Every structure is written in C-alpha cells, then in structure tokens.
Amino acid sequence: MKVVITGGNGQLAHDLKKEVPGEFEVLPLSHQELDITFRDDLLKKLSQIKPDVIINTAAFHKTDLCEEEVEKTFKVNVEGVKNLVDYCGGENCILIHVSTDYVFDGGKIETKEPYNEEDIPNPLNVYGISKLSSEFIVRNYLEKFYIVRIASVFGKAGASGKGGNFVYTILNKAKNGELLKVVNDIWMSPTYTKDAARGIWTLLTEDHPSGIYHMTNAGYCTWYEFAKKIVELSPYNAEIIPVDHTTFPTKAKRPLWSPLTTLSEIRLRSWEEAIEEFVKDI
Ligand SMILES: NC(=O)c1ccc[n+]([C@@H]2O[C@H](COP(=O)([O-])OP(=O)(O)OC[C@H]3O[C@@H](n4cnc5c(N)ncnc54)[C@H](OP(=O)(O)O)[C@@H]3O)[C@@H](O)[C@H]2O)c1
C-alpha cells in the first residue's frame, strides 16, 4: 500500500515515517513539495503518485496567530482538507486526517470526565472551529476515513509549526536555571508522537471502521504537573511555580479542560510512561 504523508517534515510525520510497518510504502511530502492549498497542483501530483492512503498532518496550528490570520487558517485547515477529500473521494483513497482536542469547549470540567469520541464538540477559538469544519468535510464526503484527534503533542522533531514543543521549552529553561511559572488550571492529555504514530498505523493494519479516534496518551494532567514530571526526569534542578491561566493572557480562548479518552480498542500507554521514555531517549 502506498501512503502519502502531507506536512512530511513535521513533528508527527517524523514518527509516522519511523514507525511505519513493513507492508507500507511511505511518501512523505513536505510543505514545499506539496502545498495542500494549491488545488490543481495537488490533484495533479496525487494523480501521478496514486496513493492508497493519505495521512494529513499538514495544518496551520499556531492557535493565537489563527485568531489574527483567520483567512489563512481556513485556507489551510479547511480548504486544504477539502482538496484532499476531493482527491480521495474520486480515487477510493483512504484519508487519515489529524485533528485536535481544541474542538471541545471544556464544559466537562464540571464532572471532570475526559472527552470521548461521542461527545459533542463546541470549539472556542478559530483554530478549533477550522479543525472541526475539516472534520465535518471528511465525515460527510468520504466513506473510508479516519479522524484522529491528538493533543499537547511532543515528539523528537518538535513542531515546525510551533517552533518546538512544551517539553523542549521546559527542558531548555530548566537547563538555563530559569524560574518556571506554569499553568495549573488547564487540564489536557499529552500525546507522544511515537505512540500516536503507532496507533495511526494500527488503524490500517487492523482495518478499523471509519470514524473518529481519540489518540492521546492515557490519563491527564495540568501543564504544571506535566512540567514537574519533565523536570523530575531530567538531570536539572529547577523551581516550578504553579500559576493560573490568567497569568498568561492569550489571544485565543482555550478550553480549561480537554483531556481525551477513547471508546475504541486502540489505547495508548499512560502519559507518564510516554514522557519517561521520551526524556530518556533525547
Ligand atoms: N502540535 C500540537 O500540539 C498539536 C495538538 C493537537 C493537534 N495537532 C494537529 O496535529 C497535526 C500535526 O501536528 P505537528 O505537531 O506534527 O505539527 P508540525 O510539526 O507543525 O507539522 C505540520 C506540518 O504541516 C506543514 N504545513 C503547513 N501548512 C501547509 C500547507 N499549506 N500544505 C502542506 N503542508 C503544510 C508544516 O510545514 P511548514 O512548517 O514548513 O509550514 C509542517 O511541516 C496538525 O494537524 C495539528 O493540527 C497538533
């Protein structure tokens, strides 16, 4: 099976390439090689390659910048996805589309239950609205598709779209002896790209039914708890001060509660195990 990965130089794409099972031929296409917003070029290139599967990791996901650059956000995250959907629909190609916990509004903070795939989304920011729109396009136009929601992603490559990731930021600050102030009233489920990549490949190797799949590491924590764990696992001694989210005002509204869980059989290990392996490996 031939698999094209869009956003081929990105953080998740990096581990999708590393974790690929033997039966797949992978063609990662970088932003430069395939811009998903260039419809004619995209349709031409894909018709030449004739992939059986496309994994779309490409996105504009600087959440605060998305509030200012609404047109660009929708161009990449919605129109770009519609271009891929149009190709896939015409060619019987499976689309795996990566989405986000930011499709939820955080209302489940009342019960402190993580969101599963059957919960109703209600995004709070432009980025979340664009990703939810793309989910609807994928679900409504394609028969064979997977929407994979991940969150608070960390991987060796670091997100090119975000200039690194939270883990690297904390480690760098700890190394430089900087005082760390980290938010302790926003809960989320971290996602190690290595684990999400394995989960994504499992969708194909086990031929799971089309649908939405939550693929974060199991469990949840606040950003402060996550930072504390990262520093504990590191050789550095750094003081971390818990603060609430109002300490760092942001352009985009974010859900205060967005832990994810899954109703599917594909379950990733706990975030604690994942971060332990990650920090050891880097
Ligand atoms: N990172 C997170 O915390 C997080 C959380 C939840 C969900 N997600 C979702 O997970 C997916 C992968 O994230 P990631 O962490 O791997 O991000 P990443 O490292 O920034 O990868 C995204 C890639 O998409 C490329 N790209 C941007 N615009 C494009 C376009 N118009 N056409 C083709 N490629 C384009 C980027 O290239 P350039 O950098 O060269 O523009 C980048 O290589 C995204 O769909 C994101 O929405 C991420």
Side-chain angles (χ1 to χ4, degrees), residues 4-19 27-39 41-43 45-46 54-66 69 71-84 87 95-104 115 121 123 125-135 138 146-169 186 188-197 199-200 212-217 223 226 252 254-255 258-260 271:
V4 158
I5 303 175
T6 63
N9 275 347
Q11 181 171 225
L12 177 61
H14 179 83
D15 274 342
L16 281 166
K17 291 180 262 181
K18 268 182 83 176
E19 299 298 325
L27 280 149
L29 298 176
S30 67
H31 190 169
Q32 287 72 26
E33 289 164 322
L34 182 80
D35 188 319
I36 62 168
T37 66
F38 295 162
R39 184 181 170 84
D41 184 50
L42 173 141
L43 294 175
K45 274 201 182 124
L46 292 176
I54 296 173
I55 306 177
N56 180 41
T57 76
F60 180 50
H61 61 106
K62 283 185 174 150
T63 309
D64 291 314
L65 206 54
C66 290
E69 299 189 19
E71 217 172 289
K72 177 177 172 186
T73 306
F74 278 81
K75 180 111 193 138
V76 179
N77 297 350
V78 184
E79 258 185 72
V81 176
K82 177 68 166 68
N83 292 336
L84 292 169
Y87 175 80
L95 181 62
I96 303 181
H97 175 53
V98 181
S99 190
T100 171
D101 57 326
Y102 279 7
V103 296
F104 294 113
Y115 286 95
N125 54 48
V126 169
Y127 169 64
I129 294 168
S130 73
K131 293 298 268 192
L132 183 61
S133 309
S134 68
E135 289 190 8
V138 173
Y146 301 102
I147 290 164
V148 176
R149 293 190 185 132
I150 58 176
S152 312
V153 175
F154 61 97
K156 287 208 184 100
S160 50
K162 282 188 167 152
N165 61 42
F166 180 79
V167 184
Y168 285 135
T169 304
I186 297 185
M188 47 76 202
S189 299
T191 308
Y192 185 9
T193 47
K194 183 182 191 175
D195 296 338
I200 288 171
I212 299 174
Y213 290 81
H214 287 181
M215 254 183 226
T216 59
N217 284 107
W223 288 102
F226 192 33
R254 287 166 168 79
S258 64
L260 302 185
W271 69 266

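Order of listing sets the numbers, starting from 1, for every ligand and every atom in it. Just so you know, residue 1 is the first one in the sequence shown, and it goes up from there. Atom set for the values below is all heavy atoms of this structure, side chains included, hydrogens, waters and symmetry mates excluded. Everything numeric here is computed off the predicted structure, so don't read it as measured data.
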Nearest-contact summary for atom 24 (O) of ligand 1 - protein heavy atom, Å: A58 CA, 3.3 Å
How are the rings of H214 and F104 set to each other: parallel, tilted or perpendicular (split at 30° and 60°)? perpendicular
Among all protein heavy atoms, pick the one closest to atom 14 (P) of ligand 1 and tell me residue, atom and distance. Q11 CB, 3.9 Å
Mind checking side chain to side chain donor-acceptor pair (under 3.5 Å) for K18 and listing every partner two or more places apart, or none if nothing turns up? none
Are G80 and ligand 1 in contact, using a heavy-atom cut-off of under 4.0 Å? no
Report the part of L34 in contact with ligand 1, treating N, CA, C, O as backbone and CB onward as side chain, heavy atoms under 4.0 Å; options are side chain, backbone, both, neither. backbone
Would you indicate which of I5, T63, I150, V81 comes nearest to atom 6 (C) of ligand 1 when only heavy atoms are counted? I150
For atom 27 (C) of ligand 1, tell me which residue out of S134, G7, G128, A59 has the closest non-hydrogen atom. A59
Has T6 got any heavy atom lying under 4.0 angstrom from an atom of ligand 1? no
Decide, yes or no, whether a salt bridge links K62 with E69 under the criterion of side-chain N to carboxylate O below 4.0 Å. no
Please list the nearest protein heavy atom to atom 4 (C) of ligand 1 with its residue and the distance rounded to 0.1 Å. V153 CG2, 3.4 Å
In this structure, CG of L29 is separated from OG1 of T6 (nearest 0.5 Å) by 8.0 Å
To the nearest 0.5 Å, what is the distance between CD1 (I129) and CZ (F74)? 6.0 Å
Nearest non-hydrogen protein atom, atom 32 (N) of ligand 1: I36 N, 3.0 Å
For atom 22 (C) of ligand 1, the closest protein heavy atom turns out to be T57 O, 3.6 Å
Decide whether an N or O pair under 3.5 Å exists between K131 and ligand 1. yes
Exercise: identify the closest heavy-atom pair between G7 and T57: O-OG1, 3.4 Å
Under 4.0 Å between heavy atoms, the region of H61 that gets near ligand 1 turns out to be side chain
Is the shortest distance from a heavy atom of K75 to ligand 1 less than 4.0 Å? no
Just verifying a value: how many Å separate W271 CH2 and M188 CE, rounded to the nearest 0.5 Å? 7.5 Å
Contacts of N165 that satisfy side chain to side chain contact (heavy atoms under 4.5 Å, CB included) - sequence neighbours left out: Q11, F154, V167, Y168
Considering non-hydrogen atoms only, spot the tightest contact between I36 and L42 and give its length. CA-CD1, 3.6 Å
May I ask you to identify, for R149, whether its side chain, its backbone, both or neither come under 4.0 Å of ligand 1 on a heavy-atom basis? neither
Using a 4.0 Å heavy-atom threshold (strictly under), name the region of S30 that reaches ligand 1: side chain, backbone, both or neither. neither
Gap separating the SG atom of C66 from the CZ atom of F60, nearest 0.5 angstrom: 4.5 Å
Hey, does the side chain of D101 reach the backbone of L260 with a donor-acceptor pair shorter than 3.5 angstrom? no
Run L12 and V153 through side chain to side chain contact (heavy atoms under 4.5 Å, CB included) and show every step you take. CA-CA 8 Å; L12 177 61; V153 175; 5.5 Å; no
Got the closest protein heavy atom to atom 40 (O) of ligand 1, with its distance? H31 ND1, 3.5 Å
With a cutoff of 4.0 Å, is S99 in contact with ligand 1, counting heavy atoms of the residue only? yes
Salt bridge check, D64 against R254: does any charged N sit closer than 4.0 Å to a carboxylate O? yes
Short N/O distance, under 3.5 Å, between A151 and ligand 1? no
Where on A157 is there a heavy atom closer than 4.0 Å to ligand 1, on the side chain, on the backbone, on both, or on neither? neither
Starting from atom 21 (O) of ligand 1, find the nearest protein heavy-atom neighbour and note its residue, name and distance. G10 CA, 3.4 Å
Do any nitrogen or oxygen atoms of D35 lie less than 3.5 angstrom from nitrogen or oxygen atoms of ligand 1? yes
Nearest heavy atoms of S189 and P259, plus distance in Å: OG-CA, 3.3 Å
Ligand-side contact atoms (ligand 1) for residue partner L12, heavy atom cut-off under 4.0 Å: 16 (O)
Using a 4.0 Å cut-off to any heavy atom of V98, which atoms of ligand 1 qualify? 9 (C), 10 (O), 11 (C), 45 (O)
Show the atoms of ligand 1 that are less than 4.0 angstrom away from any heavy atom in Y127. 7 (C), 8 (N), 9 (C), 46 (C), 47 (O)
Between H97 and S134, do the side chains contain an N or O donor and an N or O acceptor separated by less than 3.5 Å? yes
min-distance protein heavy atom vs atom 39 (O) of ligand 1 -> S160 OG, 3.2 Å
